[in-house]
There are 2 protein chains.
Amino acid sequence: MAGIEEVAQLAGVSTATVSRALSGRGHVSASSKSKVLEAAAQLGYVVSSNASSLASGRTRNIGVVIPFLNRWFFSSVLEGAQGALLRRGYDLTLYNLSGDGGERSSVFEHFLLRQRVDAVIAVSLELTEPEVTRLHELGKPLVGVGGPISGVRTLTIDDVAVARLATEHLLALGHRRIAHIGGDVENDLDFHLPTNRRHGYEYALRDAGVEVDPRQFAPADFTIRGGFHAAKQLLGVPHDRPTAIFAASDEMAIGSILAARELGLVVPRDVSIIGIDDHDLADFFGLSTVAQFPRLQGEKAVEILMEQLEPGPDAAVPAATPLPFELRVRSSTATPPA
Amino acid sequence: MAGIEEVAQLAGVSTATVSRALSGRGHVSASSKSKVLEAAAQLGYVVSSNASSLASGRTRNIGVVIPFLNRWFFSSVLEGAQGALLRRGYDLTLYNLSGDGGERSSVFEHFLLRQRVDAVIAVSLELTEPEVTRLHELGKPLVGVGGPISGVRTLTIDDVAVARLATEHLLALGHRRIAHIGGDVENDLDFHLPTNRRHGYEYALRDAGVEVDPRQFAPADFTIRGGFHAAKQLLGVPHDRPTAIFAASDEMAIGSILAARELGLVVPRDVSIIGIDDHDLADFFGLSTVAQFPRLQGEKAVEILMEQLEPGPDAAVPAATPLPFELRVRSSTATPPA
DNA sequence: CTGAAAGCGCTAACAG
DNA sequence: CTGTTAGCGCTTTCAG
């Protein structure tokens with residue numbers, strides 16, 4: 001491992017100049033710069049991130065705290081963030097808080113405070129007041145994705161609007177008996193999301209003059225299996241079966257499609273089904289859905305942090321830009337049976 | 001942020017003693033230790049990882065290089081590794097090489113050389129000779145999971161044996177016309193895996209005196225969709241339809257189940273289907289499979305590295321322990337139709 | 001634009 | 001068992 005000194009010697013300049021040339025901060029003449037670059041390349045020199053961090057106080061490393069790795073939304077956000085960081089020369093250190101409070105507090109009390117990260121991205125985690133405060137005290141920017149954190153810049157789609165759009169799609173097709181599979185409010189890390197989606201559904205119905213029937217709601221856990229069982233309940237009734245189901249996630253919607261099939265129902269002839277996400281499998285199942293773009297959300301989170309960490313000339317944090325979503329109509333929705 | 005000096009002062013000892021007490025290396029009297037611990041707790045002191053790393057040469061951080069985040073096997077390995085590291089006080093920095101060679105070389109030439117990691121776990125990546133050499137030169141231990149890297153300790157299930165077991169399960173039930181959905185050798189990052197599984201399948205057939213028929217093979221990309229299309233081909237033939245399908249992954253097996261259903265075939269009455277993995281969804285689909293345990297593989301990779309990084313008294317790297325796998329018979333396999 | 005030099009906060013000999 | 005002290009390798013004032 002060549003050190004900065006060797007590079008300086010080979011380039012015929014001081015270590016200070018090498019540092020400036022390589023990091024881009026401070027002015028260096030073009031000729032010095034090219035000499036340094038060449039010398040560094042020749043020696044295969046790479047800065048020691050520790051020495052650099054210690055001296056500068058910046059780590060070029062971002063912490064991502066995330067509750068699941070094996071769910072589409074989460075892995076997509078992670079992928080987006082990782083890619084965006086890699087492009088900017090940043091590392092990503094991962095904290096997967098699948099577990100209990102013990103793991104969680106250890107991450108906050110130990111890991112994040114080790115000065116190993118410049119900033120934190122919290123995905124679908126409702127941080128507590130002290131957790132947020134602690135990070136702020138350390139001067140670490142924090143941005144949330146997917147769960148509202150009070151007092152913190154957070155990227156979330158407008159869940160109410162998304163759910164409303166999905167429901168309105170069904171209403172426009174002529175459906176009136178529309179069931180909803182949503183989250184189990186008791187058991188969710190982030191109870192806002194299912195609640196908001198349910199509200200969007202209810203607003204849409206009311207606006208259309210359709211009464212909200214609590215029997216047309218079934219809770220599930222956002223998985224295919226959960227959606228399957230919930231849909232079985234909803235579709236298994238002997239009378240007044242719903243003609244459509246709006247599921248709060250694509251996975252539950254896919255479970256619903258499978259449940260419908262098992263009950264001998266043809267989708268969309270006998271029942272229409274729509275979800276939210278535009279999951280990898282949505283296209284395969286011909287599922288109509290409202291797409292959100294989690295990868296983009298991960299990338300955007302990085303952009304926001306970068307503007308705080310390395311304020312550019314183009315200034316101005318793009319305030320609360322609303323996140324995009326988009327209705328994708330496929331073959332799981334149609335007019336209700338006559 | 002309190003520093004080590006303040007802790008030393010409060011505890012009435014030197015910084016060296018604080019360092020020793022907190023890191024556990026070197027002897028410290030019980031009384032000093034408890035004073036230090038208390039002082040540290042009181043001040044909310046946490047070591048600066050950079051300063052510590054710079055001085056000691058150890059980072060307590062492991063790099064994980066992985067090609068996918070959104071596939072069950074990969075996210076499970078990652079989860080296992082993350083958990084095991086967290087428990088030991090290590091961080092995990094993630095390098096997701098979904099992309100082309102550019103990204104890849106940048107990770108190897110830049111990121112991994114920044115001295116930010118003590119060791120590397122490479123998941124299903126065939127590292128090139130120079131990449132391995134480079135890491136070795138730096139004295140960074142390296143362990144592979146899931147793809148054979150020449151000259152490197154690698155954790156992989158015995159793919160031949162696993163495939164053989166799955167196939168033998170079908171043979172034992174009385175099947176003779178057994179199709180196989182495997183990898184597309186052209187397009188795989190790791191072509192060994194599909195090849196080995198195909199070999200296992202063929203060996204099992206031969207040992208049972210069944211001729212291998214190349215028309216009973218269909219390539220796919222390890223996804224549900226891919227398995228669906230491949231199975232359609234295999235099951236759609238008008239004559240001599242296979243009575244069983246062995247898919248090289250559960251996702252492809254699930255695709256096959258869906259394809260069979262669409263063709264009006266009842267599983268397992270008309271066709272038996274078995275996969276490999278024990279994917280999250282396997283149970284839901286009643287899929288018989290050979291379970292591998294990717295989480296465990298991630299954890300084990302960490303253990304191996306730890307023994308190199310912090311050689312314990314219990315010494316001895318547990319050499320090439322074979323990884324466990326296990327036949328799980330559910331409801332997708334049965335005797336062939338009469 | 002460039003160089004000299006003072007640390008960044010901790011660890012690891014080395015003495016004692 | 002504990003304190004003293006010299007760095008770890010780089011960045012960044014501060015002069016020039």
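Naming convention: chains lettered A, B, ... in sequence-line order (proteins, then strands); numbering from 1 in each chain. In what follows, every heavy atom counts, from backbone to side chain, and hydrogens, waters and symmetry copies are set aside.
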Would you name the heavy atoms of [X] and [Y] that are closest together and state the gap between them?
X        : Y        : value
B:Val7   : B:Ala40  : CG1-N, 4.0 Å
A:Phe74  : A:Phe68  : CB-O, 3.2 Å
B:Ala21  : B:Lys33  : O-CE, 3.8 Å
B:Ile304 : B:Arg153 : CD1-NH2, 3.4 Å
B:Ser32  : B:Ser29  : OG-OG, 3.0 Å

If I take atom [atom1] in residue [X] and atom [atom2] in nucleotide [N], what distance separates them, rounded to the nearest angstrom?
X        : N      : atom1 : atom2 : result
B:Leu22  : C:dC10 : CG    : P     : 10 Å
B:Arg60  : C:dG9  : CZ    : P     : 21 Å
B:Asp118 : D:dC8  : CG    : C1'   : 15 Å
B:Arg114 : D:dC10 : CZ    : C1'   : 14 Å
B:Leu54  : D:dC8  : CG    : C1'   : 4 Å
B:Glu5   : C:dC8  : CD    : C1'   : 13 Å
B:Arg20  : D:dT4  : CZ    : C1'   : 10 Å

task = Give A:Val18 one of three labels, base, sugar-phosphate or nothing, depending on what nucleic acid heavy atoms sit under 4.0 Å from its own.
result =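 Answer is nothing: A:Val18 stays at 4.0 Å or more from every strand.
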Of the listed nucleotides ([options]), which one gets closest to any side-chain atom of [X]?
X       : options               : answer
A:Ala55 : C:dA5, D:dC10, D:dT2  : D:dC10
B:Ile4  : C:dA12, C:dC8, C:dT11 : C:dT11
B:Ser56 : C:dC8, C:dA12, D:dT11 : C:dA12

request  = Please work out which residues in residues 45-53 of chain A have a non-hydrogen atom less than 4.0 Å from an atom of DNA chain C and list them by number.
outcome  = none
query = Looking at side-chain heavy atoms only, is the closest gap between B:Glu307 and B:Pro141 below 4.5 Å?
reply =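 Not touching, per the 4.5 Å side-chain cut-off.
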OP1 or OP2 of D:dT12 under 4.0 Å from side-chain N/O of A:Arg58 = yes
ask   = So, is B:Thr17 close to the D:dG3 phosphate, meaning a side-chain N or O under 4.0 Å from OP1 or OP2?
value = yes
Criterion side-chain hydrogen bond (donor to acceptor under 3.5 Å, both in side chains) on B:Thr17 and B:Ser14, from CA distance to verdict = CA-CA 5 Å; B:Thr17 299; B:Ser14 70; 3.3 Å; yes
ask   = So, B:Arg25 and B:Glu310, do they make that salt bridge, N to O below 4.0 Å?
value = no
query = Between A:Ser14 and B:Ser23, which has a closest nucleotide on DNA chain C that is more 5'?
reply = A:Ser14
inquiry  = With the threshold set at under 4.0 Å for non-hydrogen atoms, list the residues of residues 24-33 of chain B touching DNA chain D in residue-number order.
reply    =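 Those residues are B:His27, B:Val28, B:Ser29, B:Ser32.
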task = Step through the shown structure and confirm whether more than 12 heavy atoms of other residues, nucleotides or ligands are within 6.0 Å of NZ on A:Lys140.
result =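 Enclosed: over 12 neighbouring heavy atoms sit under 6.0 Å from NZ of A:Lys140.
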